[in-house]
Structure formats: structure tokens, C-alpha cells
Amino acid sequence: MKDIATECETFSTPVLFEPTSIPKSLKIFDYPETVQQQRIQYVTPNQFELEAMYDCIQAHPILSRKSIRVQQQPRLKGPKLAESILPYALFLSNYVPNVITKLGEEGCLFVNDSTIEYFSPEMIDPTDIKSVTGAGDCFVGTFIANLHYSRQLNLHRMKQIISKSQLSSIRTLKSDGAVSPSIAEDLLVR
């Protein structure tokens with residue numbers, strides 16, 4: 001992780017960390033200097049991974065000493081789940097500048113030093129869901145592809161990217177495979 005993040009920094013390539021489980025979400029803290037220096041710019045945990053990452057930082061002998069910025073927690077227009085995990089996402093954004101928390105059927109939450117934005121889920125008829133396998137991976141893949149085309153990010157562009165990433169997940173949920181064959185260039189924000 002450390003070597004990859006350092007190499008990407010050399011080439012000005014943003015790094016996104018996609019935890020795939022609670023134990024794997026904590027691997028990011030094996031090399032504290034990687035997160036202290038914010039070499040990883042994006043992280044996409046689910047709520048459980050986010051909470052575990054928060055707990056790990058709190059218990060870490062080096063990371064827990066970092067002086068963190070305290071943001072006034074605004075009233076969030078979103079479901080209770082998004083409201084309940086907001087403090088964790090705000091805290092984690094002191095270590096990884098952009099936190100996109102996937103909330104499954106309740107959408108996702110984007111937090112960075114200047115933005116807190118809840119994204120309601122794309123609607124899908126539950127009877128259209130064929131498999132949940134790969135939906136989160138397709139979200140992240142579409143997100144990364146769009147980062148490649150969007151070096152200059154602003155809130156409007158981020159909203160477009162997250163919306164397209166959610167659509168990618170929806171297409172996969174409606175597919176028998178782990179990656180929908182209908183994932184195509186129309187999901188790129190240009």
C-alpha cells in the first residue's frame with residue numbers, strides 16, 4: 001500500500017482505496033505515514049468499514065495523536081443512517097481527504113474538507129434485482145474511470161460522477177453477472 005501510494009504520488013495519480021471487508025479496511029493504517037501525508041486521496045467504505053476505520057485511528061498510537069480540524073456538523077438532509085455515520089466520515093476526512101461512504105439501498109455520503117453531500121439512491125424496482133454481486137465494485141470502477149477524465153473536480157462534477165457511479169451499480173444489480181454488459185461509455189462524465 002505504501003509503495004503504491006508513493007509511486008502514484010510521483011506521477012500525480014490520485015489513489016482510491018476500496019475496502020472490501022472490515023479487516024481489509026484497516027490495512028490502510030499499516031503504514032501510518034501514508035495516511036498522515038494524505039497519499040491516498042479517496043476512500044469508499046461502507047458504513048461498517050467506516051466505523052472500523054474510525055475505531056482503528058482512535059486506538060492507533062501514532063494516528064490518534066494527529067491534530068484534526070473540527071468541522072461544525074450541519075444538519076444533513078438524508079436518512080438516519082447517513083446522519084449517524086457523518087461524524088465518522090468527517091473524522092476520516094482528516095486522513096483521507098475524500099470519503100465516499102456507500103450506504104447500499106440508502107444511497108451514499110460524500111465528505112471532504114469543504115463539502116458534505118448526501119446522494120439519494122437511484123431507484124430500482126426490487127423485483128428487477130438479479131444479484132448484488134459486483135454492484136459496489138462497479139460503483140468504484142465507474143468512479144475511478146471518471147476521475148481519470150476529470151482532473152479538475154468541483155462539486156457539480158463530483159455530483160455527476162457519483163450519479164453515474166450509482167447508475168453503474170443499478171445496471172449491475174439488474175444483471176446476472178458481477179459486471180453488467182450494459183456498463184458503457186455513457187457512464188463517463190466528459
Side-chain angles (χ1 to χ4, degrees), residues 1-9 13-74 76 78-121 132-144 146-147 153 155 158 161-162 165-166 168-169:
M1 179 71 71
K2 175 183 164 187
D3 293 340
I4 292 169
T6 301
E7 191 69 17
C8 287
E9 185 178 51
T13 300
V15 177
L16 183 144
F17 178 65
E18 163 59 0
T20 55
S21 67
I22 290 174
K24 290 178 184 171
S25 72
L26 307 180
K27 295 275 186 196
I28 194 174
F29 307 116
D30 286 350
Y31 300 97
E33 64 274 13
T34 302
V35 290
Q36 285 176 315
Q37 296 167 4
Q38 294 192 333
R39 289 191 173 137
I40 298 170
Q41 290 80 33
Y42 298 89
V43 64
T44 56
N46 64 31
Q47 75 182 80
F48 305 109
E49 294 158 350
L50 176 66
E51 291 169 359
M53 294 169 88
Y54 172 89
D55 290 341
C56 184
I57 292 170
Q58 292 286 354
H60 198 284
I62 296 172
L63 294 175
S64 63
R65 293 190 305 229
K66 179 179 178 176
S67 173
I68 61 167
R69 68 182 183 283
V70 178
Q71 292 179 323
Q72 182 70 17
Q73 188 173 325
L76 186 67
K80 287 194 182 294
L81 176 57
E83 289 178 25
S84 70
I85 58 115
L86 178 57
Y88 300 102
L90 286 168
F91 181 80
L92 184 57
S93 72
N94 285 283
Y95 298 88
V96 180
N98 299 282
V99 180
I100 303 101
T101 308
K102 298 173 293 184
L103 304 173
E105 64 186 22
E106 293 195 44
C108 66
L109 179 66
F110 172 69
V111 173
N112 70 15
D113 63 350
S114 62
T115 305
I116 297 169
E117 188 79 26
Y118 167 72
F119 293 86
S120 50
V132 297
T133 301
D137 295 329
C138 289
F139 178 98
V140 171
T142 302
F143 189 88
I144 290 171
N146 278 300
L147 283 180
L153 289 176
L155 181 58
M158 186 59 73
I161 289 172
I162 289 177
S165 299
Q166 287 181 314
S168 178
S169 290

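Please read all numbers here as calculations on a predicted model, not as lab measurements. Numbers for residues simply follow the sequence, beginning at 1.
The distance from atom CD1 of I100 to atom CG of N112, rounded to the nearest 0.5 Å, is 9.0 Å. If you take NZ on K102 and OG on S165, they are separated by 10.5 Å, rounding to the nearest 0.5 Å. Separating the CG atom in L86 from the CG atom in L76 is a distance of 5.5 Å, to the nearest 0.5 Å. Taken to the nearest 0.5 Å, the CD atom of E9 stands 11.0 Å off from the CD1 atom of I40. Once rounded to the nearest 0.5 Å, the distance linking OG1 of T115 with CG of N98 reads 8.5 Å.
Under the rule for a side-chain contact (heavy atoms from CB on, under 4.5 Å), the partners of A89 that lie at least two apart in sequence or sit in another chain are L50, V99, T101, L109, V111. Residues that satisfy the side-chain contact (heavy atoms from CB on, under 4.5 Å) test with T133, not counting sequence neighbours, are S131, A178. For P79, the side-chain contact (heavy atoms from CB on, under 4.5 Å) criterion is met by A82, E106, Y118, not counting sequence neighbours. With sequence neighbours excluded, the residues that form a side chain to side chain donor-acceptor pair (under 3.5 Å) with T142 are S168.
More than 12 heavy-atom neighbours from other residues, nucleotides or ligands sit within 6.0 angstrom of CG on L155.
Closest non-hydrogen pair, C108 versus Q166, comes out as SG-NE2, 3.9 Å. Counting all heavy atoms, side chain and backbone alike, H60 lies closest to L63 at ND1-N, 3.2 Å. The two residues S25 and F17 have their closest heavy-atom pair at O-CE2, 3.7 Å.
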Below 3.5 Å, can you tabulate the donor-acceptor pairs from side chains in residues 26-36 to any protein atom, sequence neighbours excluded?
from	atom 1	to	atom 2	distance (Å)
E33	OE2	K2	NZ	3.4
T34	OG1	Y31	O	3.4

Can I get a per-line list of side-chain donor-acceptor pairs under 3.5 Å for residues 41-48, giving both atom names and the distance, sequence neighbours left out?
from	atom 1	to	atom 2	distance (Å)
Q41	OE1	V15	N	2.6
Q41	NE2	Q38	O	3.4
Q41	NE2	R39	O	3.1
T44	OG1	E18	OE1	2.3
N46	OD1	F48	N	2.9
N46	OD1	E49	N	2.8

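For the pair F91/I57, a side-chain contact is recorded, criterion being any heavy-atom separation below 4.5 Å from C-beta on. Annotation: side chain of I116 is in contact with side chain of L90 (closest heavy-atom distance under 4.5 Å).
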